[in-house]
Participant: 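Dumping the structure here so I can ask a few things about it.
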Amino acid sequence: MKTDRAPISFTVNGAPVSVSAAPMRRLSSILREDLRLTGTKVGCDAGDCGACTVLLDGEPVCACLLPAASVEGASVRTVEGLSHGGLSALQASFLAHGAAQCGICTPGLLVTATALLERNARPGEDDVQDALGGILCRCTGYRKIAQAVMEAHRYLAPHLDGSAASLDFRLPPPGHAVGASPVRLDGVPKVTGEEKFGADSFPEDALVVLVIRSPHHHAEFSFGDLDTYVADNAGVAGVFTASDIPGINSFGVIPPFADQPALAEGTTRFRGEAIALVACENWAARQIDLSRFPVRWRELPATMDPEEALAAEAIHASRPGNVLVRGLVERGEPEAALENAACVVSGSIETSYVEHAYIEPEAGYAFVAGDTLTVVACTQAPHLDRDDTARVLGLPPEKVRILPTATGGGFGSKIDLSLQPLIGLVALKTGRQAALAYSRNESMASTTKRHPASMRATIGADTDGTVLGMVFSGEFNTGAYASFGPTVANRVPVHASGPYVTPHYRATARAIHTNGPVSGAFRGFGVPQATLMQETLFDDLANQLGIDRLQLRLKNALRNGSETVTGHRLEAGVGIAECLQALTPHWARALADAERLNATSHGTKRGIGIASCWYGCGNTSLPNPSTIKLGISPVGKVVLHQGAVDIGQGANTVIAQIAADALGLALGDFELKGADTAITPDAGKTSASRQTYVSGKAAEKAARELRQQILRFANVSPQASLQLENALLLVNEGGERRRINLARLAADGDGLVFSAQESYDPPTAPLDAKGQGKPYAVYGYGAQIAELDVDLALGTVKLVKITAAHDVGRAINPLLAEGQIEGGIAQGIGMALMEEYITGRTENLHDYLIPTIGDVPPIETILVEVPDPEGPFGAKGLGEHVLIPTAPAILNAIRHATGVLVTKVPATPSRILAAIRAAGSLP
């Protein structure tokens, strides 16, 4: 069907183009769909995120806001046109500095920074912040981005045309991959725009799937005449509802608690819940008015508050009192310990819904080939997706193939199913390819959030600061469906003590259903919320006892030989004391700076805060295996079947580094085979800070087994060294060299002449009725100092510096570890100061605020290495515990500056002022 189209001519990356398009059609759509320049990303279609930035006649603009008519005769430059063959100096600098993590925002940053550098070849940090202030990044924390832009001149070729010099990006030699910081193995496509995310490879003739969603928190609904709707709307191929689902209309990340329908049946339990699908041609999707879809709604009373939910009608009949699950850890006699303590402190804190706000909304397409349904989409958990999609669609799991695209951020939310069964259903019913890209609004309205929490705790200590006992209780709003509610309720009681010896202890947590958004996994599974409660009370304790706040933490820190609150004796690898010791000189300097500044400043006060954390890597007392396969191909490549989805954290590179050193071959010999449920073993979901530790350990085991196979074949000792030269495998021992011609050896079904596959499952033990046992085999540890200024009249906070010391066991890749820490801190800043998701009000990136480049202060990272013998080369997980101390350190710093604790986060200016006024301490 043709509409008001007109020819529009302009140049793109120096080449003339002409397209026929509606004058008001978005330039971003034309670039991506008509010209297939998918390096221009779409994160919001509202100009809020900047991912679609291009240069229009040399100036950065949001392509999603530009109507096609406005580019007639203009020159457009996209990320694909930044280099003159190879990489530009800026692209090379991004790689060298680790400035691209997931990569979804990278093209917009590169394009905008290119315009800056063409005006100012040596910009300062203020210049970079001004230029990039409109581009949002959720992964990196911006610090490495700013460094990459400021130092791009170092990578210029002598002819100064903007292209990169011949860079020394050589990979480390055999045996030296672990501990090195090579450029990401998957890095180049991220900076050239070639990386394909969920919405970047839709087939041109695919049906577009649109989703009808509930506008109410709780409602009953019925459909009108759907057949007439299809007949009356040109280009609509079909409408599909729950009645069309051939399998079990229920999914969930924890099978015993699976309760969420792919499409609701007669009743919706939260705003944004899907009820129907409209499948239509691409051109029709741009015109269809979904407000005319034939559905009748009857709004029902909604329960939004967990406390009210306990006495309200059950949202799920099988869960009386709306309690999904209860978690408990109890040890000793906490009440008696508190009664006998010399100092007792108590408090309460509330947290809000927090949105993941990854820049890539959910997207993917599905098709049927033979008897197999293939889903190509962004995800954190391909094998979980396969199993749940198969369940919903009534297929055997082996007849569903999940082929992950690059994933533009996840942070936990892309573990849960979203669009996979929806596009799968349309593909099955129509026999055509079916594609769906969530809008920013529906992504935020329909996907999971961080659990809001209401917590109370009491801690008692002796006069010298020795903690004697603690009692903690938390109510966690798990929303309408289960998702990871059971995980949060069980993980929180294990961690609520913090990384401290606490001999008498009881912690309870309840996940409670409401008609709010579904709460799920978000970088920490409830531990960031619980740490806010515990770490602010530790400051209370220190202040009442007159003990330095860092020293109180150091005095009570877990050490090798300590027992945790679950009775788990930690034999080795406990690094929290080392983290605190590493911060000690920074703490003394920061306190001295604050004292000096506060002596002469009255309207603004400097505050210094500290907080610690610990985090169990992997599932809590549950099986948590990863399987990794690798082998040698006939052409002399080490083929690594790497099923641990890399969502920006660096798993593709880190796991290869581990395997390289365990095998004894060079990292440059490796070829990655990404996650694909048809060919790649299950490496588990990317969550719980498990991939470096669990999948890394499986990779180490597989690589060592592969090495043994080769040595046995060559009949040499374990001391022999290996080397690949094209199709020759050279085995060197005692000055003698043996050549194995790989091309002459028989290959297996995967095309490998030598191969090994190994699994690793952390050695944990179940928790008993009182939460006693060994919930994790490995913990990560960290501590952070926040320095900030508070304007006492406005309540505004300006962060000055964050200093972070994190025990990583062994830094497999120090540069990537630093990037994880900086990115986690940025998310912690958002949780502490600005992020609050309110359903129906903040379903976009304009009203929902996340940190920009100007909100993240200088960050000094200290990598502490206390090896854990259980981890690969001693490594521990890192991805989640980097966020945990940031918000409590900031709250403690605000209290140090103002004398008051903000007990509802985020600590917005209005809440800070209200706390100051309530305490009567306004200047």
Side-chain angles (χ1 to χ4, degrees), residues 10-17 27-28 31 35 37-41 47 49-66 70-100 103-137 140 142-167 187-194 852-854:
F10 55 105
T11 64
V12 178
N13 300 327
V17 299
L27 175 61
S28 55
L31 291 172
L35 304 179
L37 294 172
T38 57
T40 300
K41 308 303 179 186
C49 74
C52 66
T53 300
V54 299
L55 298 184
L56 181 67
D57 293 330
E59 293 298 320
V61 295
C62 287
C64 73
L65 298 182
L66 275 181
S70 69
V71 301
E72 174 68 38
S75 172
V76 174
R77 193 174 175 196
T78 71
V79 68
E80 290 92 344
L82 294 186
S83 63
H84 303 276
L87 298 176
S88 73
L90 180 61
Q91 289 168 322
S93 188
F94 262 59
L95 287 177
H97 286 86
I104 190 71
C105 66
T106 303
L109 290 161
L110 286 166
V111 167
T112 306
T114 294
L116 169 65
L117 293 173
E118 289 174 351
R119 298 191 308 269
N120 179 359
R122 301 287 183 94
E125 185 159 353
D126 288 345
D127 301 316
V128 174
Q129 289 186 359
D130 287 345
L132 301 185
I135 316 293
L136 296 178
C137 174
T140 66
Y142 301 103
R143 300 305 303 172
K144 297 198 181 305
I145 292 168
Q147 293 164 10
V149 177
M150 290 188 289
E151 297 183 18
H153 63 274
R154 294 176 49 196
Y155 300 91
L156 277 171
H159 41 83
L160 299 179
D161 65 352
S163 62
S166 178
L167 293 169
V188 171
K190 296 177 188 292
V191 301
T192 61
E194 296 173 359
T852 68
I853 194 170

Participant: Quick check against the 3.5 Å criterion: does Q91 have a side-chain atom that pairs as donor or acceptor with the backbone of V191?
Facilitator: yes
Participant: Apply side-chain hydrogen bond (donor to acceptor under 3.5 Å, both in side chains) to E151 and list each qualifying residue two or more places apart in sequence or on a separate chain.
Facilitator: H97, R154
Participant: Could you please spell out the steps behind the side-chain contact (heavy atoms from CB on, under 4.5 Å) verdict for L27 and F10?
Facilitator: CA-CA 11 Å; L27 175 61; F10 55 105; 4.3 Å; yes
Participant: Tell me every residue that passes side chain to side chain contact (heavy atoms under 4.5 Å, CB included) with T112, counting only those two or more places apart in sequence or in another chain.
Facilitator: T53, P60, L132, I135
Participant: Given 3.5 Å as the limit, does a donor-acceptor pair link the side chain of D57 with the main chain of A74, or not?
Facilitator: no
Participant: Please enumerate all residues that pass side-chain hydrogen bond (donor to acceptor under 3.5 Å, both in side chains) together with S28, with sequence neighbours excluded.
Facilitator: none
Participant: May I have the step-by-step check of side-chain contact (heavy atoms from CB on, under 4.5 Å) for L55 and V76, ending in yes or no?
Facilitator: CA-CA 6 Å; L55 298 184; V76 174; over 6 Å; no
Participant: Give me the atom names and distance for the closest heavy-atom approach of A148 to A99.
Facilitator: CB-CB, 4.0 Å
Participant: According to side chain to side chain contact (heavy atoms under 4.5 Å, CB included), who are the partners of D130, at least two apart in sequence or on a separate chain?
Facilitator: none
Participant: Enumerate, atom names and distances included, each donor-acceptor pair closer than 3.5 Å involving a side-chain atom of residues 114-124, sequence neighbours excluded.
Facilitator:
| unit_1 | atom_1 | unit_2 | atom_2 | d |
| --- | --- | --- | --- | --- |
| T114 | OG1 | L110 | O | 2.7 |
| E118 | OE2 | R77 | NH1 | 2.7 |
| R119 | NH1 | A115 | O | 3.4 |
| N120 | OD1 | R122 | N | 3.1 |

Participant: Go through the structure and list residues passing side chain to side chain contact (heavy atoms under 4.5 Å, CB included) with C105, not counting sequence neighbours.
Facilitator: L109, C137
Participant: Only counting residues at least two apart or in another chain, list the ones meeting salt bridge (charged side-chain N to carboxylate O under 4.0 Å, His left out) with K144.
Facilitator: E818, E822
Participant: Under the rule for side chain to side chain contact (heavy atoms under 4.5 Å, CB included), what residues qualify as partners of V188, not counting sequence neighbours?
Facilitator: L87, L95, T192
Participant: State which residues pass side-chain hydrogen bond (donor to acceptor under 3.5 Å, both in side chains) with Q147; sequence neighbours excluded, sorted by chain then number.
Facilitator: none
Participant: Please list all pairs passing the salt bridge (Lys or Arg N to Asp or Glu O under 4.0 Å) test where one or both residues lie in residues 103-115, with sequence neighbours left out.
Facilitator: none
